[in-house]
Every structure is written in C-alpha cells, then in structure tokens.
Amino acid sequence: MLDIFFSFNIALAIIVLLTSLYTIKPLDFMAFPTILLVSTMLRLSLNVASTRVVLTEGHTGADAAGKVIEAFGHFLIGGNYTVGIVVFIILTIINFTVVTKGAGRIAEVGARFALDAMPGKQMAIDADLNAGLIGENDARRRRTEVAQEAEFYGAMDGASKYVRGDAVAGIMVTVINIVGGLIVGLVQHDMNFADALKNYTLLAIGDGLVAQIPSLIISTAAGIVVSRVASEQDIGTQLVGQLFAKPQVLYITAGIIGGMGLIPGMPNMVFLMLAGVLGGSAYMLGKRGAQAAEAPEAEAPVAAPAPEQEEASWQDIMPVDTLGLEVGYRLIPLVDKAQGGELLKRIKGIRKKFAQEVGFLAPPVHIRDNLELKPSAYRITLKGVEVGAGEAFNGQFLAINPGMASGTLPGLVTSDPAFGLPATWIEAGLRDQAQSMGYTVVDAGTVVATHLNHLITSHASELLGRAEVQALLDHLGKDAPKLVEDLVPKMVSLSTLQKVLQNLLVEGVHIRDMRSIIETLAEYAVHNQDPNELTALVRIALGRAIVQQLFPGSAELSVMTLDNRLERLLMQALAASGPDGAGIEPGLADTIAQQAGQAAAAQEALGLTPVLLVPGALRALLSRFLRRALPQLKVLSHSEIPETKTIRVTSLVGAQ
C-alpha cells in the first residue's frame, strides 16, 4: 500500500507540474491552491505512515517500508551514508529557501498588486459598460474574473506556507527517523550500531526523498503559475518562441562557447560541439526567416482570383448610434482605459447625474476615433448627425472668463464649446495664475465632458424613445403596477405618453415625478387625447417642481410679464389664427422677440433666472415662438405658480 501511494504521489506532482506549464493564464488553474494543500497533507500522511513502519519493522531489512523507499534510499546513498545525508539536506534546502520562498514572495506581491488594481479594473469595466463597448453579461464575467484573480493570488500566498512547512517537517521527520530508529534497533532489537545505522539511515533518507521530490516538483509548479506573465500562449510555447527566436543571439552564444573551447585545458570537444550545434541552429533560423520574408514576393505574380462580389444583405445595414463621440488621435488617451481614460469616468458620471436629475437613463455613448478629424478635435453625434464639435488640447487647460476675470493670458484664444464664453487654452504652468485672475480653469477631459453633458441635457427630448418610455413604465410598475396598467394602453397610448414627456423635456422640465404625471393623465385622458393640452395640464400638476427648478430656495419669484395691451393683442391674434399663432403680424413678432431679449439680458445681469409669466392660453404659443431666439428664457403660466410663492414683476415686455 505504501508503494502504491508513494507512486501516486509522484505521479500527482508530475501532473500538477505539466498542467501548470500548459495553462494560458493563472485562473485556468484556479484549483491550484486547494491542490497544493491536499497534496501537502497527502505527503505528511504518508510520512506518518512510513515512519510507523520504519520504526516497527526497520530491523527486518532495507525493504521494511516497501520497495519505493528502498530504491530511492539506495539510489541517493550510493554506498556512502554521509553523501546521502548531505545530498538530501541540499535538496530540502533548495526546496525551502529557493523555490518555495521565491514562489511565496511572488504570490504575496501578486496578491498585493491584484488587490490594489481591483478598483481601477472595476472602474474600467464600468466605463466600457457605460460607453456601450461591452454588454451586461461581459461586464459581469469580467468583474468575476477580477475578483477571482485577487482571491487566487491571496490563496496562493497562503498555500505556499504549507509547502514551506512541509519542507521543514521533512527535515525533522528524517532526523527523528534516524535517531528513533537507532534507539529502537539498539535497545529493543539488540542490533549492533553499524547494522542499525545502515538500515534506519537508508530507510529514513529513502522516506524523506520520496516525500521531498514531489514537494520540490509541486513547489516548482507553484512558482511557474504565479511568476508567469499572462499572454495567449502556454509557458512551453513562450519559452521556445522567445528564447530561440533571434539567430543573432545564438550566433553570439556559439562564438563565446567556441572561444572557450579553444582554451587549453578546457573540455575542448564538448565546447566546440555545442558551439557547432548553436551555430547550425542559428543558420537554420535565419534561413527560415528569410524564406518567410520572401514568400509573399514569390507568390505575388500568381495572385489568387478575386472573390466574387457578394450580394447585398440586411447585415450590410449598420445600426445608427443614438449618442456618439468621435475624437482625433491626440485625444485617444482621454478615452483609452489602458492610458487612464479620465473621460470614460466622466461620461459614466454624466449619465448617472442625468438619470438622477432628468428622470430617465440616457443611451450609452459610443466612442470611436476618427482620423478624418483634426488631431485635437472631437465631435458629438445624435442619431448619426453632428450636434456639436470642438477642439480640446490634451495636456493643456482651458481658462474660461465667466465675465469677472481681469487681464489676459498667453495662449490660443477661443470660446467655451458648451456655452460660448470667451476662453484661452493655456499651458499647465499658468493654471494657478489664471485662477488667481478670476478665470475658471478646466482640463481637456472636462471640456469635452461639459460639452457632452450640455448637449445631452438640451436634446433630452430626442433621447427619450419608446424603449425608454417603456422602461420608465416598467420601473414605475414595480411600485404602482395598478396605476400603470389602468393608464397604458387602456386610456393613453404609448405614443401619446411619449409625446407628453417629450413636450416637457423640450422646455427643460424634468420627468422624475412620473407618479404625478401618470395620475394627471389618468384623470384627464378620459375627456382629452390631445398631447399638447395634456402637457399643459401636467405642467400645472408639476408646477411646484418647475418653480423650484427655476428658483431654488426662493419664496419670491422675480419675473417678467406682458404689457396689458400686448396681452390683449396676442389673445385676439390667437383667437383669430388658432393655437399655432400663425396670424401674428411679423413686425409685432420681431418687437416681442427684441424686447423679451433685452428684458432677459437685464434679468441675467442681476443674477436672476429670466422667466416670462403669461396667461395659460398664451404660454405654449410664446414658448414655441421665443425658444429658438432665447433658449435661456423660460415661459410660465399663472396657473403653474404655487399659491405660497410671492411674485415680483421686474419688467414689462411691450410697455413701449
């Protein structure tokens, strides 16, 4: 039985070593720490069993503990017990101080670096997921691999301690076997000292060697697993492909070995023969490389016939990305996760903030490089159409003048791509100086992220498709399923609900309070199916939220209103032309736009939000009319103002 188990132990060690050589990455052999523990306990168990047999049956001869221990003992001792003991100690020291200690140190450092790198890897996975580069399943799989890698190196760090302890135990067990065997042989079995020393030393060293050889093999396997660098090849292919890849290296080595073979007193034949083998191998490698380089030229005249043009198919139609960001090659480091990719993290934050504030999740931003752009240029696309573009110089900072900065700065004069404020691209060394002069200083990644955030917010209505509306209903249905079931599609169609929500988003109204929106539609949709009129009713229900969004924390609302005569004139034009307001006289329209712009500028100069307060019948008309010329101006109706708010009129539009 001991022979069988010792043979199995050696076979197991060889299997583990070869498996470690053929793994592509450490996680391919994820069970290795457990195997390390089990194999160590197996060796220790065999040591205990063999020790019992050696001490009880050792006096009968060298084969008392089986043929395996006897054979290994005879092979190592070779007739000289002192040499056998020294060689055994050397093997144990090699295992303990070199292989096991080195593998344990590599595993310890690997575990530390794997744990330190976990947050960065997790953020990179989240950035790829938010950018749409990978799907949810791929992200979940990669997160699991990151966690498993850290756990693997940590387990290897701990499991290597078992092997070191096993090496110490091997020395102690061997010493105990020799000393204990001598005592048992001399005292209990009346053997003479020479016979006792011969029997028990042979058995003890054979026993120790049978245990230490598998231990050394498995320690080597542990070192291979934790010391290899991840690649797409196993370690054997890497060694052959990288160590003997360059003929120049073999030529130089052959020259050095050949020179040593010419020195008198050296084993000349061995050195010269090895130099010849290395030189011949280098020649063959060089010849093979030359043939591979000439192969394309030789085959060029005999070109294969061009494949027949395939018929067009539906696979040729590529889907259009809802949101896209294209960058020049100098901006690639901003969106490359391998180089930091700060912009990826900012885009993730933009989408999260947008979802929290506006009320729905924006589509992922698909990022790609575009060599047709200027090196530092970028452009933002919406459904394949460019909606914004600009330049951002990586490594420089944009100093934006908010209107209160003093002095000028050396650099490229430009304007903020998001809001059009005057700005200057400056070197990093001028950052503190620009801030002290009152400039707002941001880096290139922030410039692109701010521009993207501004465009996403301003085009929120176009980003809200049917899929997003259905996702909103599904999300609300988790808390109020009956409310959603009663409204869509029984009372309001999905397209009507989408139109109402888009009308709100066009004017910058957030749709976070979906419960109030659904309840209002459920109340009025029975008698009215017009999306515009339903939008007006929903705005009244959201009046408190709309006012808080425009006047946060203020009980007094500073607003502009229409002059009474202009108000009556517009009401008459509305009654005559219908809700689209097509009958408004062009001169009057220009006057309204001009005076509203002047009043809004005066409001902004006072640090107030430009808001025009009008009767409910005129609100939709004036909002559509003024939105293109004055996007910063918000139009509210009297019915949208909560009763708890105080209104202060700052100017009258049309008073002149």
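Sequential numbering from 1 along the given sequence is applied to the chain's residues. Side-chain atoms are counted along with the backbone in the values below, which use heavy atoms only and exclude waters and symmetry mates.
When all heavy atoms of Ile217 and Ala13 are compared, the closest pair comes out as CG2-O, 3.3 Å. Closest heavy-atom contact between Gly445 and Leu343: O-CD1, 3.4 Å. Contact detail for Pro214 and Ile10: the closest heavy-atom pair is CG-CG1, 3.8 Å. Of all heavy-atom pairs spanning Tyr251 and Tyr283, the tightest one is OH-CA, 3.3 Å. Considering every non-hydrogen atom in both Gly279 and Ala254, the closest pair reads N-CB, 3.7 Å. Among all heavy-atom pairs drawn from Gly395 and Ala428, the shortest one is O-CB, 4.2 Å.
Scanning for salt bridge (Lys or Arg N to Asp or Glu O under 4.0 Å) contacts around Arg330 gives an empty result, with sequence neighbours left out. Residues satisfying the side chain to side chain contact (heavy atoms under 4.5 Å, CB included) criterion with Leu373, sequence neighbours excluded, are Glu326, Asn370, Ala377, Arg379. Residues passing the side chain to side chain contact (heavy atoms under 4.5 Å, CB included) test with Ile380, sequence neighbours excluded: Leu325, Tyr378, Val387, His451, Leu452, Leu455. Under the side chain to side chain donor-acceptor pair (under 3.5 Å) criterion, Asn9 pairs with no residue, sequence neighbours left out. Phe354 is linked by a ring pair (Phe, Tyr, Trp, His ring centres under 6.0 Å) to Phe360, counting only residues two or more places apart in sequence or in another chain. The side chain to side chain donor-acceptor pair (under 3.5 Å) search around Asn137 returns Arg140, not counting sequence neighbours.
Atom CD of Gln470 and atom CD of Glu468 lie 11.0 Å apart (nearest 0.5 Å). The distance from atom CD1 of Ile456 to atom NZ of Lys353, rounded to the nearest 0.5 Å, is 11.5 Å. Rounding to the nearest 0.5 angstrom, the gap separating the CZ atom in Arg346 from the CG atom in Asn453 is 12.0 Å. Asp443 contributes atom CG, which lies 8.5 Å from atom CG of Asn394 (distance to the nearest 0.5 angstrom). Atom CD1 of Ile367 is separated from atom CG of Asp336 by 10.5 Å, given to the nearest 0.5 angstrom. The structure places CG of Leu12 at 12.5 Å from CZ of Phe5, a figure rounded to the nearest 0.5 Å.
Enclosure of atom CZ in Arg52 is not indicated, since only 12 or fewer non-hydrogen atoms of other residues, nucleotides or ligands lie within 6.0 angstrom.
Glu342 and Lys345 are joined by a salt bridge, as a carboxylate oxygen and a charged side-chain nitrogen come within less than 4.0 angstrom of each other.
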Please step through side chain to side chain contact (heavy atoms under 4.5 Å, CB included) for the pair Asp369 and Val335, ending with a clear verdict. CA-CA 9 Å; Asp369 60 321; Val335 296; over 6 Å; no
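Taking 4.5 Å as the limit, every side-chain heavy atom of Val48 sits out of range of all side-chain heavy atoms of Leu44. Side-chain contact between Leu17 and Thr220 is present, with at least one heavy-atom pair separated by less than 4.5 Å.
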